[in-house]
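Each remark here refers to the structure printed beneath this line.
All figures in this text were calculated on a predicted structure; none of them were measured in a lab. Numbered from 1 within each chain, the chains take letters A, B, ... in sequence-line order.
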There are 2 protein chains.
Amino acid sequence: MRQGLDRTKVLLAAAEIAEAQGFEQLTLAALAQKLGVKVPSLYNHVKGLADLRKALALMAIDRLKSVMLEAAAGRSGEAAVLAVAEAYIRFVREHPGLYEASLRPPDPLDPEVAAHSEGVLAVVARVFESFHLAEDDLIHAIRGLRSLVHGFASIELLNGFNLGLDVDESVRRVLETYLRGLRRGDAPNAT
Amino acid sequence: MRQGLDRTKVLLAAAEIAEAQGFEQLTLAALAQKLGVKVPSLYNHVKGLADLRKALALMAIDRLKSVMLEAAAGRSGEAAVLAVAEAYIRFVREHPGLYEASLRPPDPLDPEVAAHSEGVLAVVARVFESFHLAEDDLIHAIRGLRSLVHGFASIELLNGFNLGLDVDESVRRVLETYLRGLRRGDAPNAT
DNA sequence: TTGTTTAAACTAATTATATTAGTTTTATGT
DNA sequence: ACATAAAACTAATATAATTAGTTTAAACAA
């Protein structure tokens, strides 16, 4: 039976499975069933599971970049940093399966994956522009913000925050704390 | 042929595979081969792959807690926080396979896993004691430090820091920035 | 020492997944 | 109407996990 599939439809269906059932549950078997097709037919559209996962990672990275860009639009300074960070965390909450796909491409060193990731980094760098940091300070600051946001989102994803305290409040506080530290000491401390 | 295996030997061999070849490569097939035994024989010692992964997660969490405790010994205040955070990051660098095992137990909500994780949290809480934070502030501060440290270590693990700048320097800077922010504003900002 | 018991290992079979090779079918365009 | 190319198929292979049931060897008791 002809289903009229193409690579895009396959990828969208894969994303739906990852979203609804988790990244681990995305198998070619599940995907073929969802599309009403036998497993080998998928090979007409993707080269295999690895190719599928890589494509999904690229899609996820691009979507993340989009929501970050939207959050940054029309804002500057600390407000922009906060908005971007919160958009990132919201994305992970709303699309846990996709986010996991973005973190686990078959080969993290793949140049194409790296290039798309750079795009996300560029947004962060842009948002820090108005801070007028020295080149090295800027890089350290970006690494810190990335760590904070990725770390927070990942722990939330793994159900790591067991205590009852409001998580959104934590996001705000933690970001404020980091920005406060940045504000009063972008130069390294003499130790 | 009798190999004289027991659960402990099986777990240690599993840890070695995870360390040397990565968490994903830890299969019952690889483990059986390493131990000179057929796959089904492993079922005399572990209930299956899920049980093996859970046991490995518990082992990893406990070892992480140990290195954190050692780092905290004899220190207090910010020095203790820094030492614990750096020990955490060092552990992830030296034992990436085990760390990944600690992050991906078959069921993250399993009570036993949760209990061991609490142990790690308790170390962080202890190290923050001398900061004399209000209860809520303490929880937010812990969440922030965890996010920062876990985020940094994970990104490093995924080869996410592509730029050439020294990563150890980043660790120091980022932690200092966070602590500085904490120092000058443990009460929430009026917004 | 001999015999019994138990745990450790085995063989055999089942299920699920991914992959490759080679074939049929169907839509499209000449 | 026919040729082509893409999309789907069947069949077969390989790897992994798991379960059931059997053999074997070590440990212990009579």
Side-chain angles (χ1 to χ4, degrees), chain A residues 1-59 97 100-101 103-108 110 113, chain B residues 1-59 97 100-101 103-108 110 113:
Chain A
M1 207 185 309
R2 190 144 283 215
Q3 295 290 355
L5 292 187
D6 58 17
R7 186 172 169 96
T8 302
K9 284 180 189 164
V10 170
L11 292 183
L12 289 178
E16 278 180 29
I17 292 176
E19 293 287 61
Q21 301 169 233
F23 179 73
E24 304 280 354
Q25 303 309 312
L26 172 59
T27 64
L28 294 184
L31 184 54
Q33 192 181 19
K34 183 185 177 80
L35 293 169
V37 124
K38 304 291 177 181
V39 175
S41 307
L42 296 174
Y43 283 77
N44 286 311
H45 309 290
V46 294
K47 292 196 198 87
L49 187 60
D51 178 44
L52 179 70
R53 286 183 174 164
K54 174 179 161 180
L56 211 56
L58 296 181
M59 180 194 294
E100 203 178 346
L103 295 178
R104 299 169 58 187
D107 173 15
D110 179 288
V113 171
Chain B
M1 208 186 310
R2 191 144 279 212
Q3 295 290 353
L5 293 187
D6 58 16
R7 187 173 169 97
T8 302
K9 285 180 190 165
V10 170
L11 292 183
L12 289 178
E16 277 180 30
I17 291 176
E19 293 286 60
Q21 301 169 235
F23 179 73
E24 305 279 355
Q25 304 307 312
L26 172 58
T27 64
L28 293 185
L31 184 54
Q33 193 181 17
K34 183 184 178 80
L35 292 169
V37 124
K38 304 291 178 181
V39 176
S41 306
L42 296 174
Y43 283 78
N44 286 310
H45 309 290
V46 294
K47 294 197 198 89
L49 188 60
D51 179 43
L52 179 70
R53 285 183 174 166
K54 175 179 160 181
L56 211 55
L58 296 181
M59 178 194 294
E100 201 176 349
L103 295 179
R104 300 171 56 188
D107 173 15
D110 178 288
V113 172

- A:Lys47 NZ to C:dT20 C1': how many Å, rounded? 16 Å
- Return yes when atom NZ of B:Lys34 has more than 12 non-hydrogen atoms of other residues, nucleotides or ligands closer than 6.0 Å, and no otherwise. yes
- Task: Using heavy atoms and a sub-4.0 Å distance, could you list which residues of residues 11-32 of chain B are near DNA chain C? By number, please.
- Result: none
- Note on the structure: Separation of C:dT25 atom P from A:Gln3 atom CD, nearest Å, is 17 Å
- Give a yes/no on whether any side-chain N or O of A:Tyr43 is located under 4.0 angstrom from OP1 or OP2 of C:dT19. yes
- Item | Nucleotide of D:dT19, C:dT25, D:dC9 approaching A:Ser41 most closely (side-chain heavy atoms) | D:dC9
- Task: Please evaluate the base of C:dA7 for a donor-acceptor partner in the side chain of B:Asn44 within a cut-off of under 3.5 Å?
- Result: no
- The reported gap from CG in A:Asp110 to NZ in A:Lys54 (rounded to nearest 0.5 angstrom) is 3.5 Å
- Note on the structure: Looking only at D:dA25, C:dC10, D:dA17, the nucleotide nearest the B:Pro40 side chain is C:dC10
- Query: Rounding to a whole Å, what distance do you find between B:Lys9:NZ and C:dA9:C1'?
  - Reply: 14 Å
- Message: Nearest to the side chain of A:Arg2, heavy atoms from C-beta on, is which of C:dA27, C:dT19, C:dC10?
- Response: C:dA27
- Establish, with yes or no, whether the OP1 or OP2 oxygen of D:dA8 is under 4.0 angstrom from a side-chain nitrogen or oxygen of A:His45. yes
- Query: For B:Asp6 and C:dT6, what is the distance between atoms CG and C1' respectively, to the nearest whole Å?
  - Reply: 16 Å
- Drop me the distance from A:Gln25's CD to A:Thr27's OG1, to the nearest 0.5 angstrom. 7.5 Å
- Item | Atom-to-atom span, CG of B:Leu49 to P of C:dA16 - whole angstrom | 17 Å
- Query: Can you tell me how far P of C:dA18 sits from CD of A:Gln33, to the nearest Å?
  - Reply: 13 Å
- Task: Verify, without hydrogens or angle tests, whether B:Arg53 (side chain) and B:Pro105 (backbone) share a donor-acceptor contact under 3.5 angstrom.
- Result: no
- Nearest-angstrom distance from the residue atom CG of A:Leu35 to P of D:dC9: 11 Å
- Item | Atom pair distance, as rounded to whole Å: CG in B:Leu5 and P in C:dA9 | 4 Å
- Value rounded to 0.5 Å, distance of NE2 in B:His45 from NZ in B:Lys9: 9.0 Å
